[in-house]
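A quick write-up on the structure given underneath.
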Amino acid sequence: MFDDRSPIYLQIADGIKNDVLSGSLKEDEQVMSTNQYAAFYRINPATAAKGFAQLVEEGVLYKKRGIGMFVSPDAREKLRRERRERFFTEVVDPMLAEAKRVGIEIDEIVRHLGGAR
């Protein structure tokens, strides 16, 4: 599951975010504890805890004292909004800039995208 391209705790956080976005994890649903997560993936519990802490800080997860971690009620919409913004900033804007440099009009891009379905 984990690779060498980024720290494991970030990959943990990204994996949980993807599960929330896909609907695999629902809002207010309890997630595995850090110890369960660490045992399942055979990683250090402190690494799992660091990933979970980041998700709490970002508002994706929240703690119920003595019970565990849960998906925040607005997590899916928040993540969708962030990913949409990042998509335009990292994908669409550079694509449009390159299209302009090489003389491709926006309507040509739209026609091309329409045929890509």
Side-chain angles (χ1 to χ4, degrees):
M1 172 177 176
F2 304 112
D3 59 42
D4 292 336
R5 64 184 167 84
S6 64
I8 291 174
Y9 79 94
L10 291 177
Q11 293 179 58
I12 290 168
D14 286 343
I16 292 172
K17 287 177 184 179
N18 287 334
D19 288 344
V20 171
L21 279 168
S22 73
S24 298
L25 284 173
K26 307 281 187 229
E27 296 174 346
D28 290 315
E29 182 176 338
Q30 187 170 11
V31 298
M32 284 191 283
S33 72
T34 54
N35 288 333
Q36 289 170 322
Y37 202 90
F40 185 81
Y41 289 106
R42 297 180 182 199
I43 59 172
N44 187 315
T47 301
K50 190 171 181 179
F52 279 53
Q54 178 172 332
L55 293 169
V56 169
E57 184 178 313
E58 293 176 11
V60 176
L61 299 180
Y62 67 95
K63 296 178 190 181
K64 283 188 181 179
R65 189 173 179 168
I67 299 174
M69 297 277 207
F70 294 80
V71 178
S72 296
D74 61 344
R76 188 168 190 217
E77 187 53 39
K78 180 181 191 302
L79 289 170
R80 288 182 78 185
R81 191 171 48 252
E82 289 172 3
R83 292 267 177 106
R84 287 173 61 96
E85 289 174 18
R86 192 167 72 206
F87 174 77
F88 284 106
T89 302
E90 295 177 3
V91 177
V92 176
D93 293 346
M95 177 196 65
L96 292 174
E98 179 64 12
K100 184 176 181 179
R101 280 191 289 276
V102 299
I104 300 172
E105 298 294 327
I106 291 177
D107 59 339
E108 185 178 347
I109 294 169
V110 171
R111 279 193 312 274
H112 182 79
L113 291 173
R117 294 177 193 183

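What you see is a predicted model; the values in this text were computed from it and never measured. All values below come from the heavy atoms of this structure, side chains included, with hydrogens, waters and symmetry mates left out.
Residues Val31 and Asp19 have side chains not in contact (no heavy-atom distance under 4.5 Å, counting atoms from C-beta outward). With a 4.5 Å cut-off on side-chain heavy atoms, Pro45 and Asn35 count as touching. Within the 4.5 Å cutoff, side-chain heavy atoms of Arg111 are placed close to those of Glu108. Put simply, the side chain of Ile104 does not reach to within 4.5 Å of the side chain of Glu98, judged on heavy atoms. A 4.5 Å side-chain heavy-atom check between Arg86 and Thr89 finds every atom pair outside the cut-off.
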Show the atom names and distances, to 0.1 Å, of all donor-acceptor pairs under 3.5 Å that link a side chain in residues 61-76 to residues at least two apart or in another chain.
residue	atom	partner	partner atom	Å
Tyr62	OH	Asp28	OD1	2.7
Ser72	OG	Gly59	O	2.9
Ser72	OG	Val60	O	3.2
Arg76	NE	Leu21	O	3.0
Arg76	NH2	Leu21	O	3.1

One pair to check against side chain to side chain contact (heavy atoms under 4.5 Å, CB included): Asn44 and Ile8. What are the steps and the verdict? CA-CA 10 Å; Asn44 187 315; Ile8 291 174; over 6 Å; no
Are Ile12 and Lys50 close enough, and set up right, to give a side chain to side chain contact (heavy atoms under 4.5 Å, CB included), and what steps lead you there? CA-CA 9 Å; Ile12 290 168; Lys50 190 171 181 179; over 6 Å; no
Would you please test Arg81 and Glu85 for salt bridge (charged side-chain N to carboxylate O under 4.0 Å, His left out) and show each step? CA-CA 6 Å; Arg81 191 171 48 252; Glu85 289 174 18; 5.1 Å; no
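Within 6.0 Å of the CZ atom in Arg80, the count of heavy atoms belonging to other residues, nucleotides or ligands does not exceed 12. Glu57 CD: 12 or fewer foreign heavy atoms inside a 6.0 Å radius.
Between Thr34 and Ala48, the closest heavy-atom pair is O-CB, 3.7 Å. For the residue pair Glu58 and Lys78, the shortest heavy atom distance occurs at O-NZ, 2.8 Å. Here the closest non-hydrogen pair linking Tyr9 and Thr47 is CB-O, 3.5 Å. Scanning all heavy atoms of the two residues, the minimum distance from Gly51 to Ala13 falls at O-CB, 4.1 Å. Scanning both residues, Gln54 and Leu10, for their nearest heavy atoms gives OE1-CD2, 3.2 Å.
With values rounded to the nearest 0.5 angstrom, Lys17 atom NZ is found 13.5 Å from Leu25 atom CG. Of the inter-residue distances, the one linking Tyr41 atom OH with Gln11 atom CD reads 11.5 Å to the nearest 0.5 angstrom.
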